[in-house]
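The structure appears below as structure tokens.
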Amino acid sequence: MSFVDKVYEVSKQIPKGSVATYAQIAALSGNPKAARAVGMAMRKNPHMPIVPCHRVVSSSGELTGYSAGGVGVKKEMLLKEGVKFVGDKVDLAKSQWRNVAS
DNA sequence: AAACTGACTTCTC
DNA sequence: GGAGAAGCCAGTT
């Protein structure tokens, strides 16, 4: 299993209405510094309907890229899922995904 | 196998 | 807080 495959596995687990940062996914995948590789994995995104790549944002909550239409569409989808937005960025303080069961 | 590229992050000015 | 530069990783050519 490659690192990117791990990334997909993690991304799949992101609950609706929440978002995760590239660094976060990278860390959960085993390489906290592989945030970049994560981005590439999303760009390729061989698991479009399976992996909600639109729930992945930069460390600042800013919407970056999106192979399937652009950050505009991405933002709309997040909004529909209930993700809080601050201007053009995601409100990480409220909508960042936490892999903790509480 | 080497070099280039990219949906990143972090430090410094 | 904004702009610029450096560092890292994995994939593609």
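Below, chains carry the letters A, B, ... as their sequence lines are ordered, and counting in each starts from 1. Values below: every heavy atom of this structure, side chains too, minus hydrogens, waters and symmetry copies.
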Select base, sugar-phosphate, or nothing to describe what A:K44 touches, counting heavy atoms under 4.0 Å on all strands. sugar-phosphate
Salt bridge or not for A:K12 and A:E9, using N-O below 4.0 Å? yes
Base, sugar-phosphate, or nothing: which does A:S60 touch, judged by heavy atoms less than 4.0 Å apart? nothing
Compare the minimum distances between each of C:dC8, C:dA10, B:dA7 and the side chain of A:V4, then state the nucleotide with the smallest one. C:dA10
Distance, rounded to the nearest Å, where A:R36 contributes CZ and B:dT10 contributes C1': 12 Å
Base, sugar-phosphate, or nothing: which does A:A35 touch, judged by heavy atoms less than 4.0 Å apart? sugar-phosphate
Any side-chain N or O of A:N45 under 4.0 Å from OP1/OP2 of B:dA7? no
Rounded to the nearest Å, what distance is computed from the CZ atom of residue A:R43 to the P atom of nucleotide C:dC9? 19 Å
Tell me whether A:F85 is reachable from A:V56 by hopping between hydrophobic residues (I, L, V, M, F, W, Y) whose side-chain heavy atoms are closer than 4.5 Å. no
Would you mind classifying the nucleic acid contact of A:Y22 as base, sugar-phosphate or nothing, using non-hydrogen atoms under 4.0 angstrom? base
Atom-pair distance (CZ on A:R55; P on B:dA7), nearest Å: 22 Å
Distance test, side-chain N/O of A:S59 to OP1/OP2 of B:dT9, below 4.0 Å: yes
Separation of A:M1 atom CE from C:dG11 atom P, in whole Å? 13 Å
